[in-house]
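In what follows, a structure is listed as structure tokens, so that the remarks can point back to it.
Sequence lines set the chain letters: A, B, ... in the order given, protein chains first and strands last, and positions in each chain run from 1.
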There are 2 protein chains.
Amino acid sequence: MKVSQAVEWGLHCAILLAQVPGDSPLRREVLARHYDLPEAYLSKTLQAMTRAGVLQATPGPRGGYRLAGPAERLTALEVVEAVEGTAEPFTCQEIRQRGLAAATPEECKRPCTVNSLMFQAHQAWRETLRTVTIADLVSRVPHSIRARNRRLLAG
Amino acid sequence: MKVSQAVEWGLHCAILLAQVPGDSPLRREVLARHYDLPEAYLSKTLQAMTRAGVLQATPGPRGGYRLAGPAERLTALEVVEAVEGTAEPFTCQEIRQRGLAAATPEECKRPCTVNSLMFQAHQAWRETLRTVTIADLVSRVPHSIRARNRRLLAG
DNA sequence: GTACCGGTACTCGGATATAGTATGTCCGAGTATGCGTGG
DNA sequence: CCACGCATACTCGGACATACTATATCCGAGTACCGGTAC
């Protein structure tokens with residue numbers, strides 16, 4: 001089990017976009033330079049976030065990315081799932097229905113206990129991310145860094 | 001993010017081993033046939049569980065695998081981490097220290113907020129798995145299946 | 001002076017290579033057993 | 001009859017291929033702007 005590094009990028013970008021004064025968009029190149037990320041690949045992540053409705057992309061001159069909604073209403077979970085997708089990390093192969101001890105369809109009306117447990121664990125994970133918004137994360141960034149960002153994003 | 005299918009195999013095998021009457025070990029081939037799994041690959045999973053101390057392996061005739069301890073003391077988390085490893089699924093790249101807005105070492109004494117959040121989410125996931133033992137999972141298996149297993153494992 | 005039109009430069013979006021990891025398979029190392037042999 | 005030693009068959013363990021996904025990159029599609037031109 002491994003979380004894509006693109007998740008880190010996506011969250012940091014969302015946090016940064018939430019600090020942009022006014023409503024001016026940020027170009028992809030600016031985001032990439034800000035954290036020294038490969039711009040071409042970052043493109044893929046921002047794309048996914050846009051498709052998921054987390055970001056709003058504007059093409060053409062004076063274009064770029066901005067948050068699709070207020071940071072107070074955008075949860076970390078939405079960002080993470082925008083990047084990683086919403087597929088369950090554990091997919092039950094229903095091996096209980098195979099082999100010598102194959103369970104009958106009758107016995108499988110209730111979901112597999114292993115499947116239930118893993119699902120429950122994933123729900124706990126999601127719940128943790130759902131209770132935190134991007135605005136919360138911004139407020140946890142040290143003031144000195146926020147000040148520096150304000151200066152960089154203004155110019 | 002994706003959980004290896006080997007986790008499903010490992011948990012099911014642990015649950016099955018907990019149902020073995022007496023203390024006789026189960027051969028790899030028996031486990032594989034029970035769920036119609038590729039024996040050669042299942043080997044890798046059982047190996048990992050043995051290395052982690054979840055299973056005890058006995059070579060030679062009349063050998064096989066058995067649980068290293070009582071099912072009541074073996075948590076699902078231990079099994080999962082035995083198979084998947086204990087590495088954090090989210091590894092912070094510390095991108096806040098790079099690029100134009102690079103944070104100073106002084107500002108990085110506290111861990112990155114993104115890192116903290118993802119860590120916290122993972123802890124919630126682990127906690128869910130830690131509160132459930134293999135014995136619990138056995139008790140959730142339908143009686144008809146348990147009876148069938150008892151019969152199969154006796155012969 | 002104003003409105004329209006076309007060219008241009010800039011932005012994102014998706015199709016295309018590469019690398020690393022999960023998946024799948026094989027053969028060799030080690031051990032308890034069972035038989036044969038000697039006392 | 002009993003004890004010892006050896007060959008054997010059986011078990012797991014780790015080294016070796018393959019397939020898929022995450023990573024990384026490029027070039028093309030679309031859009032707003034800006035200048036020129038006609039009215």
What's the CZ-P distance between B:Arg66 and D:dC12, to the nearest Å? 11 Å

I'd like to know if B:Val132 and A:Met1 are part of one continuous hydrophobic network [Ile/Leu/Val/Met/Phe/Trp/Tyr, side-chain heavy atoms within less than 4.5 Å]. yes

Are there over 12 heavy-atom neighbours, none belonging to A:Arg33, within less than 6.0 Å of that residue's CZ? no

Intermediate values then yes/no, side-chain hydrogen bond (donor to acceptor under 3.5 Å, both in side chains), A:Glu78 and A:Thr75: CA-CA 5 Å; A:Glu78 289 176 279; A:Thr75 66; 3.2 Å; yes

Length of the CZ-P vector between A:Arg27 and C:dA9, whole Å: 16 Å

Over all strands shown, is A:Thr50 touching base, sugar-phosphate only, or nothing at heavy-atom distances under 4.0 angstrom? sugar-phosphate

Just N and O in the side chain of A:Gln5: are any of them under 4.0 Å from OP1 or OP2 of D:dA24? yes

Taking for each residue the nucleotide of DNA chain C bearing the nearest heavy atom, is the 5' side occupied by B:Leu42 or by A:Gly60? A:Gly60

Starting at atom NZ of B:Lys2, determine the distance to atom P of C:dA22, rounded to an integer number of angstrom. 9 Å

Check whether any side-chain N or O of B:Gln47 sits under 4.0 Å from OP1 or OP2 of D:dC12, and answer yes or no. no

Do any N or O atoms from the side chain of A:Glu107 and from the backbone of A:Thr104 form a donor-acceptor pair under 3.5 angstrom? yes

Rounded to whole Å, please give me the gap between CD in B:Glu39 and C1' in C:dC26. 12 Å

Among C:dC10, C:dC12, C:dT23, which nucleotide has an atom closest to any side-chain atom of B:Ser4? C:dT23

So if I take every side-chain heavy atom of B:Arg28 and compare against D:dC12, C:dC12, D:dT23, which nucleotide ends up nearest? D:dC12

Quick check, are the ring centers of A:His122 and A:Trp125 under 6.0 angstrom apart? yes

Do you know the tightest heavy-atom contact between A:Ala102 and A:Gln97? CB-O, 3.4 Å

Protein-nucleotide distance (A:Met1, atom CE; C:dT23, atom C1'), rounded to Å: 18 Å

What's the closest nucleotide to the A:Arg51 side chain, out of C:dT11, D:dA24, C:dG14? C:dG14

So, does A:Gln19 use its side chain to make a donor-acceptor pair with the main chain of A:Arg150 at under 3.5 Å? no

Atom-pair distance (CD on A:Glu29; C1' on C:dC10), nearest Å: 12 Å

Whole Å only: how far is the CD atom of B:Gln56 from the C1' atom of D:dG13? 16 Å

Answer with yes or no whether the side chains of B:Ser139 and B:Asp136 bring together a donor and an acceptor at under 3.5 Å. no

Any B:Tyr65 side-chain nitrogen or oxygen under 4.0 Å from OP1 or OP2 of D:dG13: yes

Could you state the atom-to-atom distance from NZ of A:Lys44 to P of C:dA15 in whole Å? 10 Å

Please work out if B:Ala40 contacts a base, only the sugar-phosphate, or nothing of the nucleic acid, heavy-atom cut-off 4.0 Å. base

Involving DNA chain D, stems made of at least three consecutive Watson-Crick or G-U pairs, both distances under 3.5 Å: C:1-39 with D:1-39

Categorize B:Arg62 for me: base, sugar-phosphate, or nothing, with a 4.0 angstrom heavy-atom threshold over every strand shown. nothing

Of the nucleotides C:dT25, D:dG13, C:dG14, which one has an atom closest to the side chain of B:Tyr41? C:dT25

Could you say whether B:Pro59 or A:Ala6 is positioned toward the 5' end of DNA chain D, judged by the nucleotide with the nearest heavy atom to each? B:Pro59

By nearest atom, which of the nucleotides D:dT11, D:dT25, D:dT23 is closest to the A:Pro38 side chain? D:dT25

Closest nucleotide of DNA chain C for A:Ala57 versus for B:Thr58: which of these residues is on the 5' side? A:Ala57

